[in-house]
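Below you'll find the structure, written out as structure tokens, and then a few comments.
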Amino acid sequence: MPIYRLLQNLPMGSDEISRLTTAYEKTLHTIGLVDRNDPLAEMIAKKIIEIARTGVRDPAKLSALAIKELRVK
């Protein structure tokens with residue numbers, strides 16, 4: 001799963017990792033993406049991490065912003 005690989009090297013606590021993975025899974029479910037090896041899955045993971053770095057913490061908001069910014073829905 002792309003988000004776990006990307007989060008490995010980032011200095012984050014378990015709560016933050018949990019929020020990001022929840023947002024990631026929610027985003028994939030919302031757009032109907034099942035194949036975690038799809039390049040779009042990695043793009044989504046990177047976008048969620050990028051948005052989280054701006055201070056957004058809510059998984060639902062992270063997901064909605066990632067979908068909006070990537071225009072995937």
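- If you take CG on L33 and CE on M43, they are separated by 11.0 Å, rounding to the nearest 0.5 Å.
- To the nearest 0.5 Å, atom CD of residue E25 and atom OG1 of residue T22 are 8.0 Å apart.
- Here the closest heavy-atom approach between residue V56 and residue K61 is recorded as CG1-CG, 3.8 Å.
- Residues L28 and R36 meet the side-chain proximity criterion, which asks for heavy atoms closer than 4.5 Å.
- Rounding to the nearest 0.5 angstrom, the gap separating the CD1 atom in I3 from the CD1 atom in I48 is 5.0 Å.
- Rounding to the nearest 0.5 Å gives a distance of 11.5 Å between NZ of K46 and CG of L70.
- Side-chain contact between I31 and I44: present, with at least one pair of heavy atoms (C-beta onward) separated by less than 4.5 Å.
- In this structure, the side chain of S63 does not engage the main chain of P59 through any donor-acceptor pair within 3.5 Å.
- Between E50 and R53 there is no salt bridge, since no side-chain N of the basic residue sits under 4.0 Å from a carboxylate O of the acidic one.
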Side-chain donor/acceptor pairs under 3.5 Å, residues 12-21, sequence neighbours excluded:
residue, atom, partner, partner atom, Å
T21, OG1, I17, O, 3.0
T21, OG1, S18, O, 3.1

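- In terms of heavy-atom proximity, R57 sits nearest to L62 at O-CD1, 4.1 Å.
- Taking each heavy atom of A41 and Y24 in turn, the nearest pair found is O-CE1, 3.3 Å.
- Note that OG1 of T54 and CD1 of I49 are 13.0 Å apart. Values are rounded to the nearest 0.5 Å.
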